[in-house]
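Right, one structure below, let's go through it.
Every number for a ligand or one of its atoms is a count from 1 in the order of the listing. In this text, all values refer to a predicted model and were calculated from it rather than measured experimentally.
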Amino acid sequence: MRTLEIKNKMNFKTSIQKSYKTDILVIGSGSAGAMAAIAASQGKYKVTIVERYGFAGGTSTQMLDTFYGFFTPSDTPKKIVGGLPDLVVNELNKSGNIFLRPNTYGAGTGVNYNPEKLKEVWDNLLVKNDIQIFYHSTLVGVENKGEISTCIMFHKGLGFFEITAKRIIDASGDADYCHWADIPYEKAGEKEPAQSMTTIFRMANVNLTEFEAAGGKKILKQKMGDAYISGKHPLPRKEGSAHEMCQPKCISTVAVKVVDFDPLDPEGITKAEIEGRRQSFIFEDFFRAEIPGYQDSKIIGLSNQIGVRETRRVYGEYRLTKEDCMTAKQFKDQVFLCGAPIEDHRKSADGKSETFWQYVPDGGTYGVPYGTLVPKDSATIWVAGRCFSATHDAHASCRSMAQTMSMGQTVGFAAVQSLDTDCEANNVNVSKLQDTLIAQGAILEQPDKVANISRDGWRNNK
Ligand SMILES: Cc1cc2nc3c(=O)[nH]c(=O)nc-3n(C[C@H](O)[C@H](O)[C@H](O)COP(=O)(O)OP(=O)(O)OC[C@H]3O[C@@H](n4cnc5c(N)ncnc54)[C@H](O)[C@@H]3O)c2cc1C
């Protein structure tokens with residue numbers, strides 16, 4: 001057992017209970033991290049993933065049930081993400097745990113899934129690919145020694161343990177590795193108002209026939225607006241979205257809005273969690289009292305934690321901008337595509353919570369360059385997921401899970417190439433990386449073909 005003085009901001013002494021070595025270490029097993037580990041596990045190098053909760057998937061399993069970003073939003077949707085992200089959907093599809101949600105919201109056609117099944121699918125994919133998994137383990141510090149990085153983890157039963165790795169992928173959402181390793185980042189709220197947080201709640205035993213007969217989404221919108229204005233139910237906002245889940249008679253609702261708390265501060269996130277739950281039950285009362293079909297329904301689940309849309313975004317070799325998105329810019333070194341609108345949930349000038357939308361023109365897509373996944377001058381570190389290098393606006397477009405999985409897929413392959421050829425993260429041969437991505441089925445150029453989408457099929461776009 002060794003005693004370690006953890007540098008980089010922490011400065012405390014502790015005992016390391018166990019030490020591990022790996023080639024590629026992924027921090028966080030959200031959609032980006034789990035996908036990065038799967039892409040990196042090609043039988044050549046040891047791949048390890050650490051996750052602070054007891055299951056993989058991050059936001060995809062903690063609270064959500066719809067992958068956005070696979071298709072462009074418009075009446076003529078095109079499938080623009082492929083490769084390993086398809087694998088996840090195919091696994092869910094095999095057991096009848098998806099359906100395609102039509103283009104009812106601005107984000108476009110969604111792939112709706114059963115999030116509890118997805119937890120098992122992530123487990124199976126990680127285990128099958130021989131990835132060393134540490135659940136209930138949180139990165140709490142970093143010791144950098146040249147090319148090798150030692151990460152200090154905390155597990156509440158064991159205490160502290162360390163993992164030494166040659167390559168690191170920070171997919172923690174909050175860029176925790178970069179924070180501890182003093183890699184520069186922008187904190188949400190510093191330059192633009194940070195996006196709001198949302199506790200998602202699920203209601204069971206909804207009579208959907210009655211709901212639809214009474215006017216469906218139209219009546220919901222009208223009643224929410226009335227309640228908001230009259231104050232009969234103290235709703236935090238007058239709009240929100242509610243959709244059918246894979247589970248019969250169950251509805252998932254994204255309506256709560258929590259602003260003005262810092263999710264990276266223990267007091268801030270605590271207050272946000274409490275406020276998110278408070279608002280959820282105000283909505284429950286509203287639904288039961290006002291919306292036809294909901295009178296016998298109740299909340300059966302709140303998201304595992306409040307949904308945090310953005311915290312830290314690193315400064316990378318390239319920083320994706322709003323202009324890139326809104327001009328549908330294409331890059332020589334692009335590694336995936338995005339066609340999602342800017343969907344910015346924030347507080348407006350009058351202090352109210354609103355969502356602002358801006359679309360990529362003509363149902364088009366922009367390319368996302370490799371440099372957005374490499375912290376500036378980085379030799380051995382990549383970022384993937386919502387902590388990637390983008391401005392506030394660009395991030396508000398490029399954060400759907402088909403895109404975060406694409407980021408994971410890219411950095412997983414890049415880490416392998418960097419070990420294979422002994423090159424640095426910012427020196428990877430991007431053309432070769434693109435070949436690897438395309439060979440796996442990734443889509444790097446917008447296809448002409450419109451996807452033939454039906455609710456009972458997934459890849460039936462022939
Ligand atoms: C309320 C809300 C609604 C959304 N709706 C949709 C939607 O409908 N469809 C869609 O496609 N996208 C949606 N998004 C966006 C999308 O879900 C996220 O951008 C995406 O899931 C982020 O993936 P990620 O892997 O980067 O991060 P996360 O999913 O946050 O994963 C990060 C993982 O790292 C773990 N972790 C964090 N810190 C540490 C640490 N120090 N040590 C170990 N583990 C750590 C976390 O527990 C987590 O599992 C929504 C987001 C929010 C918040």
Ring pair (Phe, Tyr, Trp, His ring centres under 6.0 Å) partners for Y318, two or more places apart: F331
Under 3.5 Å, N/O to N/O: give me all the pairs between ligand 1 and the protein, one per line with atom names and distance.
{"unit_1": "ligand 1", "atom_1": "9 (N)", "unit_2": "T66", "atom_2": "O", "d": "2.8"}
{"unit_1": "ligand 1", "atom_1": "11 (O)", "unit_2": "Y68", "atom_2": "N", "d": "2.9"}
{"unit_1": "ligand 1", "atom_1": "11 (O)", "unit_2": "M401", "atom_2": "N", "d": "2.8"}
{"unit_1": "ligand 1", "atom_1": "19 (O)", "unit_2": "R399", "atom_2": "O", "d": "2.6"}
{"unit_1": "ligand 1", "atom_1": "23 (O)", "unit_2": "S31", "atom_2": "OG", "d": "3.3"}
{"unit_1": "ligand 1", "atom_1": "25 (O)", "unit_2": "S31", "atom_2": "N", "d": "3.3"}
{"unit_1": "ligand 1", "atom_1": "25 (O)", "unit_2": "A32", "atom_2": "N", "d": "3.1"}
{"unit_1": "ligand 1", "atom_1": "26 (O)", "unit_2": "R386", "atom_2": "N", "d": "2.8"}
{"unit_1": "ligand 1", "atom_1": "29 (O)", "unit_2": "T59", "atom_2": "N", "d": "2.7"}
{"unit_1": "ligand 1", "atom_1": "29 (O)", "unit_2": "T59", "atom_2": "OG1", "d": "2.8"}
{"unit_1": "ligand 1", "atom_1": "30 (O)", "unit_2": "T59", "atom_2": "OG1", "d": "3.3"}
{"unit_1": "ligand 1", "atom_1": "38 (N)", "unit_2": "D176", "atom_2": "OD2", "d": "3.3"}
{"unit_1": "ligand 1", "atom_1": "41 (N)", "unit_2": "L139", "atom_2": "O", "d": "3.3"}
{"unit_1": "ligand 1", "atom_1": "41 (N)", "unit_2": "D176", "atom_2": "OD2", "d": "2.7"}
{"unit_1": "ligand 1", "atom_1": "42 (N)", "unit_2": "L139", "atom_2": "N", "d": "2.9"}
{"unit_1": "ligand 1", "atom_1": "44 (N)", "unit_2": "R52", "atom_2": "N", "d": "3.2"}
{"unit_1": "ligand 1", "atom_1": "47 (O)", "unit_2": "E51", "atom_2": "OE2", "d": "2.6"}
{"unit_1": "ligand 1", "atom_1": "47 (O)", "unit_2": "R52", "atom_2": "NE", "d": "2.8"}
{"unit_1": "ligand 1", "atom_1": "49 (O)", "unit_2": "E51", "atom_2": "OE1", "d": "2.6"}
{"unit_1": "ligand 1", "atom_1": "49 (O)", "unit_2": "E51", "atom_2": "OE2", "d": "3.1"}

Would you mind writing out the side-chain donor-acceptor pairs for residues 55-62 within the sub-3.5 Å range, not counting sequence neighbours?
{"unit_1": "S60", "atom_1": "OG", "unit_2": "G57", "atom_2": "O", "d": "2.6"}
{"unit_1": "S60", "atom_1": "OG", "unit_2": "W122", "atom_2": "NE1", "d": "3.3"}
{"unit_1": "T61", "atom_1": "OG1", "unit_2": "A56", "atom_2": "O", "d": "2.7"}
{"unit_1": "T61", "atom_1": "OG1", "unit_2": "G58", "atom_2": "O", "d": "3.3"}

Will you find, in the side chains of N124 and E91, an N or O donor that is under 3.5 Å from an N or O acceptor? no
Which word best sums up how the rings of F161 and F134 line up, parallel for under 30°, tilted for 30 to 60°, or perpendicular for over 60°? tilted
Residue pairs fulfilling salt bridge (charged side-chain N to carboxylate O under 4.0 Å, His left out) with at least one residue in residues 45-66, sequence neighbours excluded: none
Any side-chain donor paired with an acceptor under 3.5 Å for S389 and T372? no
